[in-house]
Amino acid sequence: MANVTYYLIREKRLGKKTNDGYFLYDGRGWIPDERNVIRDHLMGYDPNDDTPYGFGNLSIMDEIEEITEERAIRTMNQQTIDNLIAKWKKDFVKDKEEWDKKPGWPAKLVETKFTLNGITYALEPNDLGLSDDCWDQGFMETIQGRMTKDLEACGAVNIYNHGFID
């Protein structure tokens, strides 16, 4: 049985220690910690401080905390979702411009629900930087299929796209 310890570095960077070594989460998956970020924080090593105080530095050690697996999963999920939302905002700019010139249809109560690592989430138009007006909700309906593909690629399951023509 693998023994896994999870860490949160500077309240945002996720790391873990397993029998196979140290790893950092990059928003898409676990990558080896080749720069020794986790171990440096655990030992208080500051690579930018070449004085005798650069090793055993308590302020560096204070930047890392051991966290539960549940908190690690929630942090990992949120980083994944944040990365997807940033991607979608960029990917759909031209589609949105075209939609605004000639909107297709009004909609209401549009959302995308999915489960990621056992936790269920729901995204609404305002999560994507859209307004809650009926035309932006109609636009979200048009991109939900592409959102589903990206969510599936990240391991999401039970993906349901909801919405009603207004």
Side-chain angles (χ1 to χ4, degrees), residues 1-95 110-130 140-163:
M1 185 170 183
N3 186 17
V4 180
T5 304
Y6 294 94
Y7 300 100
L8 192 59
I9 305 163
R10 294 186 181 144
E11 298 182 10
K12 63 183 176 188
R13 187 124 195 231
L14 191 59
K16 74 177 179 179
K17 176 187 172 190
T18 70
N19 295 338
D20 296 324
Y22 292 87
F23 299 88
L24 296 168
Y25 188 73
D26 71 353
R28 295 178 304 265
W30 294 101
I31 58 171
D33 182 8
E34 295 174 347
R35 292 182 37 234
N36 299 317
V37 173
I38 297 168
R39 284 178 279 193
D40 286 354
H41 278 83
L42 291 172
M43 294 185 302
Y45 174 66
D46 182 356
N48 300 317
D49 186 350
D50 59 359
T51 70
Y53 302 105
F55 194 71
N57 186 324
L58 293 178
S59 63
I60 297 293
M61 294 169 82
D62 286 343
E63 293 178 349
I64 188 168
E65 67 175 300
E66 192 173 316
I67 60 174
T68 65
E69 180 179 23
E70 180 184 347
R71 184 169 175 202
I73 289 170
R74 288 187 182 282
T75 301
M76 183 173 58
N77 285 355
Q78 193 58 56
Q79 289 177 4
T80 299
I81 294 166
D82 290 347
N83 285 342
L84 284 173
I85 289 172
K87 175 189 182 310
W88 294 331
K89 285 180 178 180
K90 181 181 161 196
D91 288 354
F92 300 140
V93 168
K94 286 187 172 56
D95 296 312
V110 176
E111 69 178 1
T112 297
K113 286 187 176 182
F114 58 94
T115 302
L116 187 60
N117 297 312
I119 302 171
T120 301
Y121 298 89
L123 296 176
E124 298 175 350
N126 58 2
D127 295 317
L128 303 178
L130 302 170
M140 184 168 165
E141 279 189 335
T142 69
I143 62 174
Q144 283 177 316
R146 293 189 288 176
M147 291 170 59
T148 296
K149 288 179 184 176
D150 288 341
L151 286 164
E152 288 172 338
C154 291
V157 295
N158 302 326
I159 303 168
Y160 298 102
N161 295 308
H162 302 277

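Contact of the I73 side chain with the Y6 side chain is not registered, since no non-hydrogen atoms from C-beta on lie closer than 4.5 Å. Counting heavy atoms from C-beta on, the side chains of L14 and I67 come closer than 4.5 Å.
For the atom pair CZ (R39) and OH (Y45), the distance works out to 13.0 Å, reported to the nearest 0.5 Å. R13 contributes atom CZ, which lies 9.0 Å from atom CD of Q79 (distance to the nearest 0.5 angstrom). Rounding to the nearest 0.5 angstrom, the gap separating the CG atom in N83 from the CG atom in D26 is 8.0 Å. Atom CH2 of W88 sits about 6.0 Å away from atom CG of D150, to the nearest 0.5 Å. Rounded to the nearest 0.5 Å, atoms CZ (R10) and CD (E63) are 4.5 Å apart. Here the straight-line distance linking atom CD1 of I9 with atom NZ of K12 works out to 11.0 Å at 0.5 Å rounding.
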Stepwise side chain to side chain contact (heavy atoms under 4.5 Å, CB included) check, L151 with Y121: CA-CA 11 Å; L151 286 164; Y121 298 89; over 6 Å; no
Audit row: L128, M147, side chain to side chain contact (heavy atoms under 4.5 Å, CB included) steps and yes/no: CA-CA 11 Å; L128 303 178; M147 291 170 59; 3.9 Å; yes
Worked verdict on R71 versus E65 for side chain to side chain contact (heavy atoms under 4.5 Å, CB included): CA-CA 12 Å; R71 184 169 175 202; E65 67 175 300; 3.3 Å; yes
Side chain to side chain contact (heavy atoms under 4.5 Å, CB included) between L123 and I81, intermediate numbers included: CA-CA 9 Å; L123 296 176; I81 294 166; 4.2 Å; yes
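Q78 and D82 form a side-chain donor-acceptor contact under 3.5 Å, judged by distance and modelled atom types alone.
In this structure E69 satisfies the side-chain hydrogen bond (donor to acceptor under 3.5 Å, both in side chains) test with no other residue, sequence neighbours excluded. Residues passing the side-chain hydrogen bond (donor to acceptor under 3.5 Å, both in side chains) test with N161, sequence neighbours excluded: T112, T148.
In plain terms, the two heavy atoms of A156 and F114 that are nearest each other are CB-CD1, 4.0 Å. Across every non-hydrogen atom of I85 and D127, the tightest pair is CG2-O, 3.4 Å. Taking all atoms of both residues into account, the shortest heavy-atom contact from K17 to Y22 is CD-OH, 3.5 Å. Minimum interatomic distance between K113 and A122 (heavy atoms only, all atoms of both residues): CG-CB, 3.9 Å. In plain terms, the two heavy atoms of L42 and M61 that are nearest each other are O-CE, 3.5 Å. Residue G15 comes nearest to I38 through the heavy atom pair CA-CD1, 3.8 Å, listed as atom of the first residue, atom of the second, then distance.
A donor-acceptor pair under 3.5 Å is formed between the side chain of D33 and the backbone N or O of V37. Counting only distance, with no hydrogens or angles, the side chain of Q144 and the backbone of E111 share a donor-acceptor pair below 3.5 Å. Under a 3.5 Å cut-off, the side chain of N77 and the backbone N or O of L116 do form a donor-acceptor pair.
Contact check on D95 versus R146 returns a salt bridge, with a Lys/Arg side-chain nitrogen under 4.0 Å from an Asp/Glu carboxylate oxygen.
The local environment of CD in E70 is sparse, with at most 12 non-hydrogen atoms from other residues, nucleotides or ligands closer than 6.0 Å.
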